[in-house]
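Working notes, structure below.
Note that ligands are numbered from 1 as they come in the structure, with each ligand's atoms numbered from 1 the same way. Since we're looking at a predicted model, the values are computed, not measured.
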Amino acid sequence: MSTQNHNIQSKMFTKILIANRGEIACRIIKTAKKMGISTVAVYSDADQNALHVKMADEAVYIGSSPSRESYLKTDRVIQAAIQTGAQAIHPGYGFLSENSEFCRLCDENNITFIGPPIGAIEAMGSKSAAKNIMEAANVPLVPGYHGDDQSETTIKAAADKMGYPVLLKATAGGGGKGMRQIWSADEFSEGFDAVKREALSSFGDDTMLVEKYLTQPRHVEIQVFCDNHGNTVYLFERDCSVQRRHQKVVEEAPAFSMSETLRAQMGEAAIKSAQAIGYQGAGTVEFLLDVDGSFYFMEMNTRLQVEHPVTEFITKQDLVEWQLRVAANEILPKEQHELSIHGHAFEARIYAEDANNDFLPDTGTLSFIRTPVENEFVRIDTGVCEGDEVSVFYDPMIAKLIVWGENREKALKRLTKALSEYHVGGVKTNVEFLTKLVTSTPFIEENIDTSFIEKHHDDIFSDTPLSNAKRDTELVKSALYILLEQQNRFTNKYKNNADPTSPWNTYNAWQFNDKSLHSLSLEYAGETYDVNVEELTSTQGTQYVVTLNDTKYDCIANLKNGLLTTINNHKSSTMISIQDHVVSIYTPTGTLSVNHIQPDLGDHDSNDAHGGLIAPMNGTMVKILVETGEAVTKDQPLVIMEAMKMEHTIRAPDNGTVDTIYYNEGDMVDGGAELLAFTASEGES
Ligand code: ADP
């Protein structure tokens, strides 16, 4: 490459707009800050309080939550840039990043699009057009047919000629959609019609290509970078073979078992691909690498990839900084001979999804997040904080966990440890699945191709049940936690900081209720367990005797960084949280869920005659029908709560007295919270 840098003027931006959200918006803002560039975020209704909005210097509202009403609204994004005086737009990945129309709009408004030229995006937009260009540039292609004659006869003849299995692909496809394997000639017709239908409905274009289906390929991609002055380098490769539904979940760099010769050949082929379309900026050329070492061009992604951090770790470069420099017309920061590979990096994508249910995305509030400590070897790219929502509107990725080690083995150990320290509550996540995947023998032994997850399903999804003793300890902890947590909530709610003599300022709020025996039902792994907790208050604090399955456990428990317990003289600290009556216990091998079964409150919402009455669900206190100290009769309505537009009456469980009412009318009440303290009359039941 040539590196004459005379006459090259950098016009580094002073302000950029990031037309994206989530982790990638945050990641771009970090580099911009480092470079002294001001940032403008854009946001939708769902993202009013999102991390990317908080991190940016300015933020502009661009519409309602669905992406097509906000993040895909080209005119609003452009307007936001004009209004804030941003000189350039970084599109991140997804959304507008490969939209040539948007690129054109940027040009028309004198805003720099931080990405490739319009022509390059257009050239790679169609899989078959891209193949034609690559064929002309002598880049190896998977054998196949990608011509204009779209008749079934022609395409089938090509398939018959190369032999089965083949892969039918919609040329406009993406994200793993619009593809089907055909294993024999007699399946062809049916498959052909199916891909056509799916392509038409998903992409509005049913043009197809057919290629040889490789049965054990690896997905190896090359990171390339080109500046506006004719310089091109490759920043080595990433192996992204571990995929579910043709989408990546774990990536690594460099690829394992790569000879220097193969690396150089693939690097050169990637450079040829980029040059063939006059590329500028960051791009990724994806190849299929066959068992015999042959590799074939698959497609070129004309943007920054999700998995770019593994390349950053092994090359010690900041690729977003490179993008900004190239967009500002600078020459590439490094020449090829100045780039080398340092150690090994992994990325694990942490998703809100149910790995045990075909990776179905999950939504909900991230009620609990604890992550490994970030340092020079462990990096977390995320766009969410505890309390944020994983909504139906956007991608369910919670974070990317990226680690580095001197070699694959060391990096893998670090990844395993970091995953064991990654705890998320409130939604289902794939953390446990990832842990099993990266600790499985075939993964460690590099026995990996694109069907890794299906092939090693039993290794990855095997479940080791807890021993009975361990299970019982976790149930005891859950019971203690439920009680302490409830007690703590009341203490906080009624603590009168101005009055040090207030009884709420004494540590044990339960004294107030005179409630020393609690019974609860817990459910774990489909089984129900009855647990009794007796509180013994002494001068040393509160001790508990927990009875489960006729066994008694002597316990001391405190809420401190989770739950601190001494159970039969064994001390331990547990990371634990509760939401919607489900206790989550976070362990290095995964999260245990224990359900606190609520008494059937129905319209006779009541429970323990000797203690408080508990809110059956999250809701609002709409009416209080009694007063403190009032004597009431069994089944007398005491308070009315409202949730999901339905009223629930809480009635007296017995004849007795209402001791304390903890809420006022109009208050929001959490499900499981104690509403009032109640004492049943002596001698009656
Ligand atoms: P998309 O644009 O939808 O991501 P790609 O063409 O990039 O589709 O392919 C996605 C994945 O599908 C690849 O990573 C690979 O696992 C698989 N794949 C694609 N083409 C072939 C092929 N010819 N043989 C075997 N697997 C393939």
Side-chain angles (χ1 to χ4, degrees), residues 93-94 97-99 121 123-135 139-146 155 158-159 161-183 191 194-195 198-199 201-223 237-253 255 266 270 273 283-307 347 349 359 395 448-456:
Y93 54 71
S97 61
E98 289 171 292
N99 180 325
I121 297 182
M124 292 296 116
S126 152
K127 286 184 199 287
S128 51
K131 279 179 187 263
N132 286 330
I133 297 170
M134 294 308 153
E135 197 165 40
V139 176
L141 299 180
V142 187
Y145 171 80
H146 41 89
I155 298 178
K161 195 165 158 227
M162 70 186 130
Y164 293 85
V166 298
L167 191 64
L168 277 173
K169 281 188 188 177
T171 61
K177 268 195 171 168
M179 271 199 273
R180 182 183 273 229
Q181 300 147 21
I182 311 286
W183 292 89
V195 178
E198 186 176 317
S201 72
S202 299
F203 316 108
D205 177 353
D206 64 1
T207 317
M208 288 210 268
L209 62 87
V210 65
E211 62 188 30
K212 182 87 192 142
Y213 180 68
L214 309 179
T215 48
Q216 295 178 58
R218 287 165 62 189
H219 173 125
V220 176
E221 57 185 35
I222 308 284
Q223 176 71 57
E237 76 282 353
R238 299 182 282 258
D239 188 308
C240 312
S241 302
V242 179
Q243 306 176 348
R244 46 123 182 67
R245 295 207 227 102
H246 293 300
Q247 287 172 345
K248 304 158 185 170
V249 267
V250 176
E251 300 99 341
E252 59 183 293
M266 291 182 82
S273 314
T284 295
V285 185
E286 296 188 336
F287 293 103
L288 285 174
L289 176 60
D290 210 352
V291 272
D292 64 359
S294 331
F295 61 90
Y296 308 100
F297 171 87
M298 204 166 20
E299 65 175 351
M300 178 164 185
N301 289 323
T302 53
R303 54 171 158 83
L304 190 69
Q305 303 260 108
V306 177
E307 60 274 20
E347 174 179 278
R349 301 191 192 184
F359 303 98
D395 185 86
I448 301 172
D449 60 48
T450 53
S451 33
F452 181 85
I453 293 174
E454 294 108 79
K455 247 185 224 162
H456 303 289

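Test Glu252, His219, Glu251, Glu221 against Arg238 for side-chain hydrogen bond (donor to acceptor under 3.5 Å, both in side chains) and you get one pass: Glu221.
Remark: distances from the non-hydrogen atoms of Met179 to ligand 1 include one below 4.0 Å. For the pair Gln247 and ligand 1, no heavy-atom separation below 4.0 Å is found.
Applying the 4.0 Å criterion to heavy atoms of Glu211 picks out, from ligand 1, the atoms 20 (N), 21 (C), 22 (C), 23 (N). When each atom of ligand 1 is checked for a heavy atom of Lys127 under 4.0 Å away, the hits are 1 (P), 2 (O), 5 (P), 6 (O), 8 (O). Residue-ligand proximity, Glu286 to ligand 1, at heavy-atom distances under 4.0 Å covers atoms 7 (O). Listed by number with element, the atoms of ligand 1 under 4.0 Å from a non-hydrogen atom of Lys169 are 6 (O), 19 (C), 20 (N). Less than 4.0 angstrom separates some heavy atom of Lys212 from each of these atoms of ligand 1: 22 (C), 23 (N), 24 (N).
Applying the ring pair (Phe, Tyr, Trp, His ring centres under 6.0 Å) test to Phe295 and every residue at least two apart in sequence or in another chain returns Phe287.
Listed for the Asp205 side chain is a donor-acceptor partner under 3.5 Å among the backbone atoms of Thr207.
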Next item on the list: Show your working on salt bridge (Lys or Arg N to Asp or Glu O under 4.0 Å) between Glu198 and Arg180 and close with a plain yes or no.
Entry: CA-CA 10 Å; Glu198 186 176 317; Arg180 182 183 273 229; over 6 Å; no
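Donor-acceptor pairing under 3.5 Å is recorded for the side chains of Thr302 and Glu98. Between the side chains of Arg303 and Gln305, at least one donor-acceptor pair of N or O atoms lies under 3.5 Å.
For atom 26 (N) of ligand 1, the nearest non-hydrogen atom of the protein is Tyr213 CE1, 3.6 Å. Closest to atom 24 (N) of ligand 1, if we only count protein heavy atoms, is Leu214 N, 3.0 Å.
In this structure the side chain of His146 reaches within 4.5 angstrom of the side chain of Asn132, judged on heavy atoms.
For Leu288, no nitrogen or oxygen atom sits less than 3.5 Å from a nitrogen or oxygen atom of ligand 1, counting backbone and side chain alike.
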